[in-house]
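Working notes, structure below.
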Amino acid sequence: MTPYSFAHNAYAGDLQQTWDHLIDGEESGVTVHVAGRVMLLRTQGKLAFATMRDSTGEVQLFALAALTERFDEFVRLHLGDWVGVVGEVVRTKRGELSVKVVSWSTLAVAQHNFGDKWAGIADFDLRYRHREADLWANEKSRLTLARRSDVLRSARERCWAANFMEVETPILNPIPTGASARPFSTFHNALDSQFYLRIAPELWLKRLVVGGFERVFELGRVFRNEGVSPRHNPEFTMLELYAAYWDYENMMNFTEELVANVATDVLGSTEISYQGRPLSFATPWPRRTMAELTSEAVGEEVSVHTPRRHLANLLAQRDVEVPEAWGAGRCLAELFEASAESSLWDPVFVTDHPVEVSPLARRHRNDTTLTERFESYAVGRELSNGFSELNDPVDQRLRFEEQARLAAAGDDEAMRIDEDYLRALEWGLPPTAGLGLGIDRLVMLLADESNIREVIAFPTLKPRRD
RNA sequence: GCGCCGGUAGCUCAAUUGGCAGAGCAUUUGACUCUUAAUCAACAGGUUCCGGGUUCAAGUCCCGGCCGGCGCACCA
């Protein structure tokens, strides 16, 4: 029977640092208890060398028939077995820091191997379905998921440092809202009610601001029942935060600082390389209106005031089908996506979106057909989305009603009227700015990964049907 | 959802024009007192993803299905 515990008192990584000064063949006189997984095993008659890895790194185990108990069993260990070892820290004649094994025990056996000891595990299906094996076999996977943890820690600390309080809001929602997306639905038996997994926590968070929490953030999972791709997982992690008394300019300032600081916390610099190309998070990020960028991309002046018919023609030239229900605003936003979006490499704020595509954003103070909204883009992808929040319950009702008309016309991503939210606005939402930041996308950039599944420990896969 | 590509031993990968299904590592056995992906020797290891079809003969060609990668669509 394997032990129930092990009196562990040292880590491989620490030993490598602490005993860096040991010269070849020198013995430290210090006995340690280390534990980890056997990654490699080299036997040589009455000697055996094992490479053991724990969460901090690797250290060699040096076993001798003359010293090590049950030596004949030690040399029969399998790659992947967990062992606990007691022995002296030494450096071998050939220069490898080692624990000279006196007593030891198998803590757990590995009944399956961990892939080729040189090539690891390459099969995507196996790696994603059995990430536990992938993590042992592939250093890159360990580094990427550790980096995700670093990003989460940094983002939280930066939010706390700016006096945002972390809150949690419902994942089970009677109405899916706060974004435009198809939801997952589920059912609560005792309440005899249909629920939807949240597509965004937005409205709940603003209700907390109404309640007097002036700066709140939530770092949590949202769910969207849409296609999967190298950049889309059905569940993903969003940082949403709201600050009373801020407008979207303030929030853009905060956003660029947040991302730049996270990059610095995690990588030590705002200057990184992504997929072989330099990428700079250095602030300030350019701020360009959607109309400007779209005009540049299509080679003529366009805006939300351009006749819808003309915008529709420009879209048609780009093979975009234009439904009857789209107004000039939606056409402009679609034209932006079709023409300008993919070329935005370094971070940039795209601002002043049409009201038509921004049902929760406050109208622009200089043009009521636009909103005070921004989206940051990097590497041609949307990274964040924020705005001066619409806090007028009358206008919000009009926006919801417009969404309801779209839904009636067949748009299954349109928002639904949320009476509870409207009532909350009637109690008074101060001027507030909000932000939603896609954490997975940010981790992809900071981990130099091109597939979102690499930055998610257990990405959503189709269940096997054997 | 559509298109392209892929699935061969536990893992990483070969297999020419349709012609005996292979190697390295892992496993098993043996040798070896300073190895570093140790080395050397030997044994063993297969529903070639699944189901049909064409053919004297199919890993290879055709049809259907499953799973994955990439692109498109949708979207963040």
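Convention: sequence-line order gives letters A, B, ...; per-chain numbering from 1. For clarity, every value in this text was computed on a predicted model and none was experimentally measured.
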Report the relative orientation of the aromatic rings in A:F164 and A:F254; use parallel for angles under 30°, tilted for 30 to 60°, perpendicular for over 60°.
tilted

Have a look at A:A181 and say if it touches a base, only the backbone sugar-phosphate, or nothing, with a 4.0 Å heavy-atom cut-off.
nothing

On RNA chain B, does the nearest nucleotide to A:T92 precede the nearest nucleotide to A:A119 from the 5' side, or the other way round? Give the residue.
A:A119

Side-chain atoms of A:K93 come closest, of B:rC34, B:rC70, B:rA76, to B:rC34

Select one nucleotide: of B:rA73, B:rC34, B:rG69, the one nearest the side-chain heavy atoms of A:L47.
B:rC34

The test is side-chain contact (heavy atoms from CB on, under 4.5 Å); show your working for A:F374 and A:R287 and say whether it passes.
CA-CA 9 Å; A:F374 65 90; A:R287 300 179 186 191; over 6 Å; no

Please report the distance separating the C1' of B:rU48 from the corresponding atom of B:rC43, rounded so that it comes out in whole Å.
24 Å

Over how many whole Å does the gap from A:F71 atom CZ to B:rC34 atom P extend?
12 Å

Among B:rU36, B:rA76, B:rC32, the one nearest any side-chain atom of A:R42 is B:rU36

Determine whether a donor-acceptor pair (N or O, by modelled atom type, separation under 3.5 Å) exists between the side chain of A:S28 and the backbone of A:V30.
yes

Between B:rC49 and B:rU33, how far apart are the two C1' atoms, rounded to whole Å?
48 Å

If I pick the C1' atom on B:rC56 and the same atom on B:rA42, what distance separates them, to the nearest angstrom?
39 Å

If you look at every strand shown and take non-hydrogen atoms under 4.0 Å, does A:F124 touch a base, only sugar-phosphate, or nothing?
sugar-phosphate

Distance, P atom - from B:rU8 to B:rC61, rounded to whole angstrom:
16 Å

d(CG, A:L40; C1', B:rC34) in whole Å:
16 Å

Kindly point out which of B:rU36, B:rG71, B:rU12 is positioned nearest to the side chain of A:P230?
B:rG71

Between B:rG10 and B:rG3, how far apart are the two C1' atoms, rounded to whole Å?
34 Å

Could you tell me how far apart A:F114 (CZ) and B:rC11 (P) are, to the nearest whole angstrom?
13 Å

Give each protein N/O atom lying under 3.5 Å from an N/O atom of nucleotides 8-10 of chain B, with the pair distance.
residue: B:rG10; atom: O2'; partner: A:N113; partner atom: OD1; Å: 3.1
residue: B:rG10; atom: N2; partner: A:N113; partner atom: ND2; Å: 3.3
residue: B:rG10; atom: N3; partner: A:N113; partner atom: ND2; Å: 3.0

Would you mind classifying the nucleic acid contact of A:G120 as base, sugar-phosphate or nothing, using non-hydrogen atoms under 4.0 angstrom?
sugar-phosphate

Assigned partner base of B:rA44, Watson-Crick or wobble definition, under 3.5 Å:
none

Closest nucleotide among B:rC67, B:rA38, B:rA76 to the A:K462 side chain:
B:rC67

Within 45° of the ring axis of A:W345 and under 6.0 Å from its six-membered ring centre, is that where the NZ or CZ of A:R277 lies?
yes

Looking at the rings of A:F184 and A:F195, which for Trp means the six-membered one, are their centres under 6.0 Å apart?
no

Suppose we define a pair by two distances each less than 3.5 Å, Watson-Crick or G-U wobble; what does B:rA21 pair with here?
none

Complement of B:rG3, any strand, by Watson-Crick or G-U distances under 3.5 angstrom:
B:rC70

What's the closest nucleotide to the A:T43 side chain, out of B:rU12, B:rA76, B:rC32?
B:rC32

Atom OH of A:Y128 and atom P of B:rC67: how far apart are they, to the nearest Å?
17 Å

Quote, to the nearest angstrom, the P distance that separates B:rC2 from B:rU17.
33 Å

From CZ of A:R182 across to P of B:rA76 the rounded distance in Å is 13 Å

Would you measure the distance from the P atom in B:rG18 across to the matching atom in B:rU60 and give it in whole Å?
11 Å

Please determine if a side-chain N or O atom of A:K100 lies less than 4.0 Å away from the OP1 or OP2 oxygen of B:rU33.
no

Nearest-Å distance for atom pair CZ/C1', residues A:R231 and B:rA76:
11 Å

If you define the side chain from C-beta out and look only at heavy atoms, does anything of A:L239 sit under 4.5 Å from A:L258?
yes

Taking the six-membered ring of A:W326 (Phe, Tyr or Trp), confirm whether the NZ or CZ of A:R308 is under 6.0 Å from its centre and within 45° of its axis.
no

Please check if atom NZ in A:K46 has more than 12 non-hydrogen atoms from other residues, nucleotides or ligands closer than 6.0 Å.
no

A:N385 pairs by side-chain hydrogen bond (donor to acceptor under 3.5 Å, both in side chains) with which of A:E240, A:H353, A:E202, A:R373?
A:R373

Basic-acidic side-chain contact under 4.0 Å: A:E218, A:R198:
yes

Would one find a side-chain N or O of A:R76 under 4.0 angstrom from OP1 or OP2 of B:rU29?
no

Rounded off to whole Å, could you give me the CZ-to-C1' distance for the A:R127 and B:rG7 pair?
16 Å

Across every strand shown, the nucleotide meeting Watson-Crick or G-U wobble geometry with B:rG59 (both distances under 3.5 Å) is none

Residue whose nearest RNA chain B nucleotide is more 5′ - A:D123 or A:L383:
A:D123

Just to be sure I understand the rule, does A:D440 reach a base, reach only the sugar-phosphate, or reach nothing, if contact means heavy atoms closer than 4.0 Å?
nothing

Should A:W118 be counted as stacked on B:rA37, where stacking needs a ring-centre gap under 5.5 Å and an angle between planes under 30 degrees?
yes

Looking at every strand, decide which applies to A:E375 at a 4.0 Å heavy-atom threshold: base, sugar-phosphate, or nothing.
nothing

Would you measure the distance from the C1' atom in B:rG59 across to the matching atom in B:rG46 and give it in whole Å?
11 Å

Using purine N1 to pyrimidine N3 plus N6-O4 or O6-N4 for Watson-Crick, or N1-O2 and O6-N3 for G-U wobble, each under 3.5 Å, what pairs with B:rA9?
none

What contact category does A:N233 fall into here, base, sugar-phosphate, or nothing, at under 4.0 angstrom with non-hydrogen atoms?
base

Could you let me know what B:rC34 is paired to, Watson-Crick or G-U wobble, both distances under 3.5 Å, or none if it's on its own?
none

Quick one: label A:R453 by what it contacts on the DNA or RNA (base, sugar-phosphate, nothing), any heavy atom closer than 4.0 Å.
sugar-phosphate

Nearest atoms (heavy-atom pairs only) where A:Q403 meets A:E356
NE2-O, 4.3 Å

Using a heavy-atom cut-off of 4.0 Å across all strands, would you classify A:G438 as base, sugar-phosphate, or nothing?
nothing

Against the side chain of A:E382, the closest entry in B:rU36, B:rA76, B:rC34 is B:rA76

Ring of A:F49 versus six-membered ring of B:rA38: centres under 5.5 Å and planes under 30°?
no

Base, sugar-phosphate, or nothing for A:N385, non-hydrogen atoms under 4.0 angstrom?
nothing

When you measure from the side chain of A:R288 to the backbone N and O of A:F349, does any donor-acceptor pair fall under 3.5 Å?
no

For A:Q44 and B:rG30, what is the distance between atoms CD and C1' respectively, to the nearest whole Å?
15 Å

Look at A:K117 and B:rC25 and indicate whether a side-chain polar atom (N or O) is within less than 4.0 Å of OP1 or OP2.
no

Counting only side-chain N and O atoms of A:R129, is one of them less than 4.0 Å from OP1 or OP2 of B:rG68?
yes

